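What you are looking at is a predicted structure, and each value in this text was computed from that prediction instead of being measured. Every chain is numbered from 1 and lettered A, B, ... according to where its sequence line falls, protein lines coming before strand lines.
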2 protein chains.
Amino acid sequence: MSEQWQTYLAEHQERFLQDYFELLHIPSISADPAYAKDVRAAAEWVGKRLEHAGIEHVKTLETGGHPVIYGDWLHADGLPTVLIYGHFDVQPAEPLELWDSDPFEPVINDGKVYARAASDMKGNLLLPIIASEALLNTDGALPLNIKFLFEGEEEIGSRSLGNFISTHKDLLACDLVVSADSGAGTEEDPSVGTGVRGVFSMQLNVKTADMDMHSGMGGGIAPNAIHELVRILDSMRDEEGRILVDGFYDQVRVLTENEKKQIADFDSFPEGLRESTGFKEFFGEPEYTPMERGVARPTLEINGIWGGYQGAGGKTVIPCDAHAKLTVRLVPDQTPERIQELLEDHIKRHTLRSVDVTVEDAHGTTPYRVPDDNPALKILEKVLSDITGHPVKRQWSGGSVPVTSLFKSELGAESLSLGGSQDDERAHAPNEFYRLSSFKRIQKAYCLFLQELGHFYA
Amino acid sequence: MSEQWQTYLAEHQERFLQDYFELLHIPSISADPAYAKDVRAAAEWVGKRLEHAGIEHVKTLETGGHPVIYGDWLHADGLPTVLIYGHFDVQPAEPLELWDSDPFEPVINDGKVYARAASDMKGNLLLPIIASEALLNTDGALPLNIKFLFEGEEEIGSRSLGNFISTHKDLLACDLVVSADSGAGTEEDPSVGTGVRGVFSMQLNVKTADMDMHSGMGGGIAPNAIHELVRILDSMRDEEGRILVDGFYDQVRVLTENEKKQIADFDSFPEGLRESTGFKEFFGEPEYTPMERGVARPTLEINGIWGGYQGAGGKTVIPCDAHAKLTVRLVPDQTPERIQELLEDHIKRHTLRSVDVTVEDAHGTTPYRVPDDNPALKILEKVLSDITGHPVKRQWSGGSVPVTSLFKSELGAESLSLGGSQDDERAHAPNEFYRLSSFKRIQKAYCLFLQELGHFYA
């Protein structure tokens, strides 16, 4: 098995870093329509980068929302096909005032790159492209067939991708999916992901009147949209974080002792998160450990709330409308469809007066777990162990990769994940960063993993 | 008693309307520091207008906040002194998209002037100035001594005026205060105000961590500032609007049968408010009538709330801070100091975790009621009855004129009110308006009231 790719990677790191910075410069914020052209610019940049790596049939495909980038290399006759998945869209950068540097002007400090999407996931996106380029430029071929699928709506729940996958099953047909939108632990404590939570998102709107009122006139007479919203929201969780929506936990699979053990191996994560973000006390269902709650229990969070006067000073007003955004993290065997029904029932029961309460922009994805005995999972564990010299843990992720469950249901393929992100890198928050050491290490992991996988099936 | 002023008023209405429009053009928003120069410009405009009316000793006086305008005419030897109070600051105009015309470009439609502060209170502010001008230009003198005090912080709780009055007792010494920041019913159904509610305002801040977190990582582990805020807010009122803060009602004076009758005379107000603003159902303590709740019961309202992501689409974030603005309307014998203590105790008791909860910008004013047998009150009733040809009701106001209780405590003077605002004129809301018929009628009322009052004491 050739390892000339090692030399190739070493010789081209500076150029790879320039590529990474170019991509970070593009503010490809999928949530805000004002940035649609930047999302498209990021797509086109990724397409060009794939072609430069030697990937063929690169094309921009429309979805109705933000476009998708596809490319492949299919000359390994008789060998399996791996579909590599990622996304080039990013979270909004707000609140801007909390960034120490411009979120779209990456800077390096102490071996870390600071920028929006540095960790989630523009560094990760480049890893399999760089690995393919290195293998093609040294071996002249890839060790198996590869397809690339990069989307532009992951941060808004991969809205168009379900339909896109259903209508492009032949194009995307594969034996295994590898998501680059992930981490592989640290160098000292490597890990492989074995599943993701699902997510259900919605916006809740309350409208009580046609206009705001003076609180000296309407106080004691008219309903207040913020109070109505606050009451509905407060009814959804108890003081300990248990979710009070009827039937919410009915579909949740009970954890086995083996699963609890796998999860317990990761108990440094909650404490690390606490230290890096500065909250003082763990919060959540006391009958589970913080680690179990963080990866294997469903959660409900208000992500944003607004209504009435928010400017300087005060305004004695009774607001006529108020809004909140919510997300629910789902675990097997919950489904977003069922959770939406239960939440809508709950909201209806807690709407006490003749006020308009509406649910808007509801969408979601199913949770996913890779089977314990999957052979590619074992190969990936061995590769990471060989590279780092440490035993590899199986990691449950608390996050969501919306598309994973779609690959299973639409293409029949299991999903693994291989990326360089670490939990303390402030994904979605100000001063997000990514470690250059991960950038290098996981490039190698991709090269080795593809080689070993080809070897296994050859 | 000369009534040449009637002719004078009739001949100069067009000029008075131009004055009114000039003043409405100035965006004197006291809540927002960005408009401080406009508040000062409005102050100077009012000072010039007083001088033009023949008022003497006009001066701009600094308060540490927005300035105060003072002026007087003190040549009625041996007769009482009336202090006329008003304010030239205005509420913010947001939400701007709900205005049919520019809030600071007044337009007339169907006998109504549409602009921010048209009703609260730039039309009312001109009434006593115009009346003084008319009397001075026709009789050559006023029927008693008059002082004018106009402030620029009424819409932010008259923060500096308490201290200003305490330190200017000689300048402001008077026998009676008349607030122009009010209404006098309609032409068919005139009324005199007999009191105002007090108001206590504050901002509540919750901070749970140093930064926002990804909800896939922190969900189930970290506290969410919005959930903590929502729980505290929801604990303050029950589903019917009763306030659950311990001791909140202890200082509330029980209504007498006579007071209940006075209040019941106004029972068209809640229904009128409901129709003009479009809420569907009355809200509040079911053991009181809507009218009683609207003017004689204390209330607690969230005026604004914000935290987390509020942009387009979604953001899977656990916010680390969240905020709300509250106001409490007070009735005799509640005090803002006691209510602040009770609220802070309540907030402390409902802060369940190690999170930072702070109260900011807390300030307030005491409620006030004019004694039933005040002679000036009876003169004002007779004047309004003579002008309109209808019996005059005694009106309890649900709003607050922060300064009224200060005049009582600092100057020993009772307060009456005389203005042209009506309850349906959307004070503090988009498309605020003022009736030109009130503008003319209450100019006359001021002339007659000052004459009758001078005659009574002569």
Would you say that Val357(A) contacts Leu204(A) through its side chain, given a criterion of any heavy-atom pair below 4.5 Å between the two side chains? yes
Closest approach of Glu425(B) to Ser119(B) (non-hydrogen atoms, all atoms of both residues): OE1-OG, 2.8 Å
Assert top hit (heavy-atom pairs under 4.5 Å, partner chain B, pool Lys207(A), Met202(A), Glu239(A)) equals Glu239(A)
Who wins among Thr299(A), Ile221(A), Val230(A) for the most heavy-atom pairs under 4.5 Å with chain B? Ile221(A)
Testing the 3.5 Å rule here: is there a donor-acceptor pair between the side chains of Glu301(B) and Ser215(A)? no
When only pairs under 4.5 Å are counted, which of Gln91(A), His227(A), Arg353(A), Arg293(A) shares the most heavy-atom pairs with chain B? His227(A)
Quick one: do Glu271(A) and Phe282(A) satisfy side-chain contact (heavy atoms from CB on, under 4.5 Å)? Show the steps, please. CA-CA 9 Å; Glu271(A) 186 57 36; Phe282(A) 288 115; 3.6 Å; yes
Contact between Val252(A) and Pro298(A) at the side-chain level, heavy atoms closer than 4.5 Å - yes or no? yes
Among the options Ile318(B), Asn431(B), Val295(B), pick out the one with the most heavy-atom pairs lying under 4.5 Å from chain A. Ile318(B)
Using a cut-off of under 4.5 Å on heavy-atom pairs, state which of Ile226(A), Val355(A), Thr327(A) scores highest against chain B. Ile226(A)
With a 4.5 angstrom heavy-atom cut-off, could you sort out which part of Arg242(A) is near chain B: side chain, backbone, both or neither? neither
Ranked by heavy-atom pairs below 4.5 Å to chain A, first place among Lys280(B), Met211(B), His323(B) goes to Met211(B)
Measuring heavy-atom distances to chain B, does Asp212(A) have an atom under 4.5 Å in its side chain, in its backbone, in both, or in neither? both
So which of Pro33(B), Ala209(B), Gly399(B) has the largest heavy-atom pair count under 4.5 angstrom toward chain A? Ala209(B)
Options Ala429(A), Gly307(A), Pro290(A), ranked by heavy-atom pairs under 4.5 Å with chain B, top entry: Gly307(A)
Using non-hydrogen atoms only, which part of Arg231(B) is less than 4.5 Å away from chain A: side chain, backbone, both, or neither? both
For Asp424(A) and Ser276(A), which I'm curious about, is there any donor-acceptor pair between the side chains at under 3.5 Å? no
Strictly distance-based, threshold 3.5 Å: is any side-chain N or O of Tyr249(A) a donor or acceptor partner for the main-chain N or O of Ile243(A)? yes
Chi angles and distances behind the salt bridge (charged side-chain N to carboxylate O under 4.0 Å, His left out) call for Lys325(A), Asp361(A): CA-CA 10 Å; Lys325(A) 290 178 194 280; Asp361(A) 205 14; 5.5 Å; no
One option among Arg274(B), Lys315(B), Met236(B) has the most heavy-atom pairs under 4.5 Å with chain A, and it is Lys315(B)
Look only at the side chain of Glu153(A) and the backbone of Ser160(A), and say whether a donor-acceptor pair between them is shorter than 3.5 Å. yes
Contact leader toward chain B among Asp120(A), Ile156(A), Thr208(A), where contacts are heavy-atom pairs under 4.5 Å: Thr208(A)
Do His428(A) and Glu155(A) get their side chains close enough for a donor-acceptor pair, meaning under 3.5 Å? yes
Answer key: most heavy-atom pairs under 4.5 Å with chain A among Leu273(B), Asp32(B), Thr316(B), Leu233(B) is Thr316(B)
Top residue by heavy-atom pair count (under 4.5 Å) with chain A, among Asp210(B), Ile29(B), Leu229(B), Asn303(B)? Asn303(B)
